[in-house]
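Worksheet for the structure shown next.
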There are 2 protein chains.
Amino acid sequence: MTAFPTDWQLDLDGPIGPRLREILRARIVSCDLPPGARISESEIAAAYGVSRQPVREAFIKLVQEGLLKVRPQRGSEVARIDLQAVLDARFVREATEADIVSLLASRGDPALVAELERQIALQERVRKNSPADFIDLDEMFHRTLAEAAGRRTVWTLIETLKLHFDRVRFITSATFPTDTLLAQHREIAARIGARDPAGAEAAIRTHLREVLSHLPEVTLAHPEYFEGQVPDGLSAQVA
Amino acid sequence: MTAFPTDWQLDLDGPIGPRLREILRARIVSCDLPPGARISESEIAAAYGVSRQPVREAFIKLVQEGLLKVRPQRGSEVARIDLQAVLDARFVREATEADIVSLLASRGDPALVAELERQIALQERVRKNSPADFIDLDEMFHRTLAEAAGRRTVWTLIETLKLHFDRVRFITSATFPTDTLLAQHREIAARIGARDPAGAEAAIRTHLREVLSHLPEVTLAHPEYFEGQVPDGLSAQVA
DNA sequence: TTTGCTTGACTGGTATGGAAGTATGGTTTA
DNA sequence: TAAACCATACTTCCATACCAGTCAAGCAAA
């Protein structure tokens with residue numbers, strides 16, 4: 001159920017390069033390796049008891065995902081959060097999912113709506129107790145929408161986008177407005193069931209903007225986590 | 001101006017891993033390394049006179065871009081074109097650029113419209129003689145739209161999506177309907193200038209569907225280039 | 001005290017060797 | 001003839017060694 005491995009131990013059976021990549025990615029996204037932290041290939045290699053080569057392999061992938069910055073002969077560090085990249089990733093995700101739910105609403109498949117409501121009931125149940133599980137359920141909700149639209153591979157694309165503002169989300173997880181998000185899920189499912197494309201589209205746009213609603217506070221609380229200067233009109237851009 | 005290196009010689013100054021990656025990517029996209037072609041690390045290493053390590057590095061990146069398939073201890077081959085991935089990539093791009101031009105049209109910046117018309121005039125000039133240059137200009141046109149919307153990093157995201165249907169586009173470049181595309185560019189610029197968001201959005205959606213208009217023919221001409229079975233209702237999905 | 005240079009301990013990039021696994025083609029056996 | 005077997009030549013993956021560039025501390029000279 002969990003999206004990331006919870007323990008950061010490396011199992012040496014099978015290919016360790018990809019495995020190491022997932023571990024490091026989880027550590028970065030969860031801010032166990034905070035933005036700006038300096039790490040080296042040999043350091044990680046020694047820590048996990050492997051050679052530098054698989055570490056290097058993992059580093060290359062993390063660089064391509066924008067989670068790591070490597071400067072030859074100088075050193076590597078966990079990429080600071082690029083606000084522009086975060087906002088742009090949300091822009092792409094919003095546009096994509098808006099088209100998805102619009103398409104779904106024009107169909108109004110009752111089976112899909114039933115499945116969504118089943119998931120919403122689950123979300124309701126775990127809401128109070130375990131916010132981490134709620135995040136997993138939220139992810140499943142959106143993946144279900146994408147796959148219902150016949151866009152099998154779209155979700156994998158969105159997943160790489162999600163990485164960037166998942167880092168933000170992890171910092172704000174304490175103040176995560178699960179009640180608001182849950183209500184928005186209900187609205188989305190309702191608009192799809194009512195065959196109201198415009199309404200469904202509007203609902204999910206509102207929903208996806210909610211995710212970054214606490215971004216301005218985070219930039220103030222942890223300015224050292226962010227790339228460059230935090231612009232003044234941030235609140236306006238988020239909303 | 002050209003999006004890819006035209007000659008496939010490897011300059012040994014500076015890091016050769018990233019360089020090699022671009023070269024191989026260009027060769028794959030242009031079908032010089034056709035889908036399904038089997039290649040190995042050592043083979044490429046010998047061909048370019050480098051060791052296997054930077055080749056491996058390039059391979060990892062290509063795998064992550066979905067252009068290469070590597071099966072451990074078996075061999076690597078150029079990934080066949082995944083129709084679902086192509087159509088989904090177009091879906092994401094269409095949704096994203098639709099929101100972009102909608103935003104731009106709500107502003108109606110005259111300076112932007114002037115720039116677009118300047119580019120269109122250029123496109124008109126090179127249209128007949130060099131279709132390759134037209135492709136480059138088309139790319140610049142769309143990048144201009146993204147950057148004008150203040151979405152600096154969105155275009156880099158779209159570029160990775162573009163890779164997949166650029167492979168299709170390269171095969172059909174002979175029958176590329178430059179006149180139609182040019183007219184659609186004019187329509188997009190006009191709707192932005194007229195401050196008509198809905199019209200601009202509709203125009204660019206039509207435009208982006210045109211790019212894959214020849215996809216069904218290609219799947220029939222080269223079925224060995226594609227992953228799995230080509231579905232019957234393809235034409236409907238494209239349109 | 002300040003400036004400039006040297007030196008050495010890092011960094012990531014590359015080359016090479018060996019280990020584990022897979023496909024292939026020829027050989028042997030029923 | 002046909003099926004089972006084995007040697008061999010691949011493949012990718014990991015470990016190790018070496019290379020070149022970077023940076024900072026410390027010493028020497030002004």
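Below, chain A is the first sequence line, B the second, and so on; all start at residue 1. Predicted model, so just to flag it, every value in this text is computed and none were measured.
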Next item on the list: Would you kindly give the CZ-to-P distance between B/Arg19 and C/dG13, to the nearest whole Å?
Entry: 13 Å

Next item on the list: Starting from C1' on D/dT11, measure out to CG on B/Leu68 and report it in whole angstrom.
Entry: 13 Å

Side-chain atoms of residues 156-165 of chain A: list all donor-acceptor pairs with protein atoms under 3.5 Å, sequence neighbours left out, distances to 0.1 Å.
unit_1: A/Thr156; atom_1: OG1; unit_2: A/Thr153; atom_2: O; d: 2.6
unit_1: A/Thr160; atom_1: OG1; unit_2: A/Leu157; atom_2: O; d: 2.7
unit_1: A/Lys162; atom_1: NZ; unit_2: A/Glu139; atom_2: OE1; d: 3.4
unit_1: A/Lys162; atom_1: NZ; unit_2: A/Asp166; atom_2: OD1; d: 3.4
unit_1: A/Lys162; atom_1: NZ; unit_2: A/Asp166; atom_2: OD2; d: 3.0
unit_1: A/His164; atom_1: NE2; unit_2: A/Glu65; atom_2: O; d: 3.2

Check: Is the shortest side-chain N/O distance from B/Ser51 to OP1 or OP2 of C/dA15 below 4.0 Å?
Finding: yes

Would you list the protein and nucleotides 8-12 of chain C atom pairs, both N or O, that sit under 3.5 Å from each other?
unit_1: C/dT11; atom_1: OP1; unit_2: A/Ser40; atom_2: OG; d: 3.2
unit_1: C/dT11; atom_1: OP2; unit_2: A/Ser42; atom_2: OG; d: 3.4
unit_1: C/dG12; atom_1: OP1; unit_2: A/Ser76; atom_2: OG; d: 2.9
unit_1: C/dG12; atom_1: OP2; unit_2: A/Glu41; atom_2: N; d: 3.2
unit_1: C/dG12; atom_1: O4'; unit_2: A/Gln73; atom_2: N; d: 3.3
unit_1: C/dG12; atom_1: N2; unit_2: A/Gln73; atom_2: NE2; d: 3.4
unit_1: C/dG12; atom_1: N3; unit_2: A/Gln73; atom_2: NE2; d: 3.1

Checklist line | Atom pair distance, as rounded to whole Å: CD in B/Glu77 and C1' in D/dT12 | finding: 14 Å

Check: Mind checking whether A/His142 and A/His185 have parallel, tilted or perpendicular rings, split at 30° and 60°?
Finding: perpendicular

Note to self: In this structure, how many angstroms lie between the P atom of D/dA15 and the OH atom of A/Tyr48, rounded?
What the structure shows: 15 Å

Item checked: Distance in angstrom units between B/Ile60 CD1 and C/dG13 P, rounded -> 12 Å

Item checked: Atom-to-atom span, CD1 of B/Ile44 to C1' of D/dT12 - whole angstrom -> 14 Å

Next item on the list: Enumerate the residue pairs fulfilling salt bridge (charged side-chain N to carboxylate O under 4.0 Å, His left out) with a member in residues 42-52 of chain A, sequence neighbours excluded, ordered by first and then second residue.
Entry: A/Glu41-A/Arg52

Notebook entry, point to check: Starting at CD of A/Glu57 and ending at C1' of C/dT14, how long is that distance when rounded to a whole Å?
Noted result: 16 Å

